[in-house]
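Before any comments, here is the structure.
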Amino acid sequence: MRLPISEARWYSYPGMVAIVTSRYNGQQNIMASGWHTYIGSSPGIYGISIRKETYTYQLIEQSGVFGVHFMPARCSEMIQAVGTFSGRDMDKFNKFNIAYEEGLKADIPVLTEAYFAYECKTMNITTYGDHEWIAGEIMQTYQDKDCFLENGLPDLTKLEIPLYVGRSSYRTLNQTVDEKNHPFYLQN
């Protein structure tokens, strides 16, 4: 039974975790983000929600660009680490041996382990509560084709996806469904 509660609670979990990269004037950073989404197309727009106090926010605000990356579950220790430590205190790329290449359209690190990634140009930044919503036009997309089916969906027989369940906890999405025997399978 539903019970009314009076304390503030946020519920949007589980959800995919995204890794955000940024760079400005030779300084770069990487962080985990639990709040993000694809917003629209023509042009493609992706949004991330981060606190203004973060080092990543400072770099994005100054550079006007950012990267959004989706990592396989085998990278969960790295995901946890980049979401725990501040880039003001250390170079997380060196500390955690994170491999990257240079972006093709933006001056950002593009993570080589990502199975999907975007390079984005900041369109606007809006404050909502204690977070900044950064909407970015997608300038370049990267995809590891081996991790996807012909219809564009992830191939969960080859890819384990980490899900953020809140409070620095993760679970792995790695199960497949026998579509023909699944009760919710709809045939076209």
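Computed from a predicted model, the values in this text were never measured in an experiment.
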**Message:** Which residue is it: D144, L159, T141, V68? I am looking for the one with a side chain to side chain contact (heavy atoms under 4.5 Å, CB included) to F116.
**Reply:**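 Only one option passes, and that is T141.
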**Item:** Partner of I30 under side chain to side chain contact (heavy atoms under 4.5 Å, CB included), chosen from I98, T56, I108
**Value:**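 It is I98, the one option of I98, T56, I108 that forms the side chain to side chain contact (heavy atoms under 4.5 Å, CB included) with I30.
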Rounded to the nearest 0.5 Å, how far does [atom2] of [Y] lie from [atom1] of [X]?
X    : Y    : atom1 : atom2 : result
I79  : M31  : CD1   : CE    : 13.0 Å
Q58  : S63  : CD    : OG    : 10.5 Å
I60  : N29  : CD1   : CG    : 9.0 Å
I134 : I50  : CD1   : CD1   : 4.0 Å
E137 : I45  : CD    : CD1   : 7.0 Å
C120 : M139 : SG    : CE    : 7.5 Å

**Prompt:** Which residue pairs pass the ring pair (Phe, Tyr, Trp, His ring centres under 6.0 Å) test when at least one of the two sits in residues 120-141, sequence neighbours left out?
**Reply:**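 Of all non-adjacent pairs touching residues 120-141, those that pass ring pair (Phe, Tyr, Trp, His ring centres under 6.0 Å) are W35-H131.
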Distance-minimising heavy-atom pair for [X] and [Y]:
X    : Y    : value
V17  : A32  : CG2-CB, 4.1 Å
K158 : D146 : CD-O, 3.1 Å
P109 : F93  : CG-CZ, 3.7 Å
H69  : A114 : CB-CB, 4.0 Å
F70  : A18  : CE2-CB, 4.0 Å
V110 : G103 : CG2-CA, 3.6 Å

**Message:** With clusters defined by side-chain heavy atoms of hydrophobic residues (ILVMFWY) lying less than 4.5 Å apart, directly or transitively, does I39 cluster with M123?
**Reply:**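 Result: yes, single cluster for both.
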**Request:** Spell out, yes or no, whether V20 and V65 are grouped together once hydrophobic residues are joined by side-chain heavy atoms under 4.5 Å, including indirect joins.
**Result:**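 Different hydrophobic clusters.
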**Item:** Residue pairs fulfilling salt bridge (charged side-chain N to carboxylate O under 4.0 Å, His left out) with at least one residue in residues 80-89, sequence neighbours excluded
**Value:**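 Listed once each, the pairs would be none.
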**Message:** Test question: given the 4.5 Å side-chain rule for I, L, V, M, F, W and Y, name all other residues clustered with L59, or answer none.
**Reply:**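 Members alongside L59: Y24, Y55.
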**Request:** Please examine the side chains of P43 and I138, heavy atoms only from C-beta on, and report whether any two atoms are closer than 4.5 Å.
**Result:**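 No, their side chains stay 4.5 Å or more apart.
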Can you pull out every side chain to side chain donor-acceptor pair (under 3.5 Å) where at least one residue sits in [range]? Sequence neighbours excluded, please.
range            : result
residues 37-50   : H36-Y46
residues 114-125 : E119-Y142
residues 96-109  : R23-E102, R23-D107, Q28-Y100

**Message:** Restricting to salt bridge (Lys or Arg N to Asp or Glu O under 4.0 Å), what partner residues turn up for R74, sequence neighbours left out?
**Reply:**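 If we apply the salt bridge (Lys or Arg N to Asp or Glu O under 4.0 Å) test to R74, skipping adjacent residues, the hits are E113.
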**Prompt:** Among all residues two or more places apart in sequence or in another chain, which pass the side chain to side chain contact (heavy atoms under 4.5 Å, CB included) test with E132?
**Reply:**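 Checked E132 against side chain to side chain contact (heavy atoms under 4.5 Å, CB included); matches are K52, Y57, I125, T127.
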**Prompt:** With sequence neighbours left out, what residues match M90 under side chain to side chain contact (heavy atoms under 4.5 Å, CB included)?
**Reply:**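 M90 satisfies side chain to side chain contact (heavy atoms under 4.5 Å, CB included) with F85, K92, K95, F96 only.
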Could you pull out all residues at least two apart from [X] that satisfy side-chain hydrogen bond (donor to acceptor under 3.5 Å, both in side chains)?
X   : answer
S22 : none
Q62 : none
D91 : N94

**Request:** Begin with the C-alpha distance, continue with both residues' side-chain angles, and end with the deciding distance and a verdict on side-chain contact (heavy atoms from CB on, under 4.5 Å) for Y164 and M16.
**Result:** CA-CA 6 Å; Y164 183 60; M16 290 179 59; over 6 Å; no
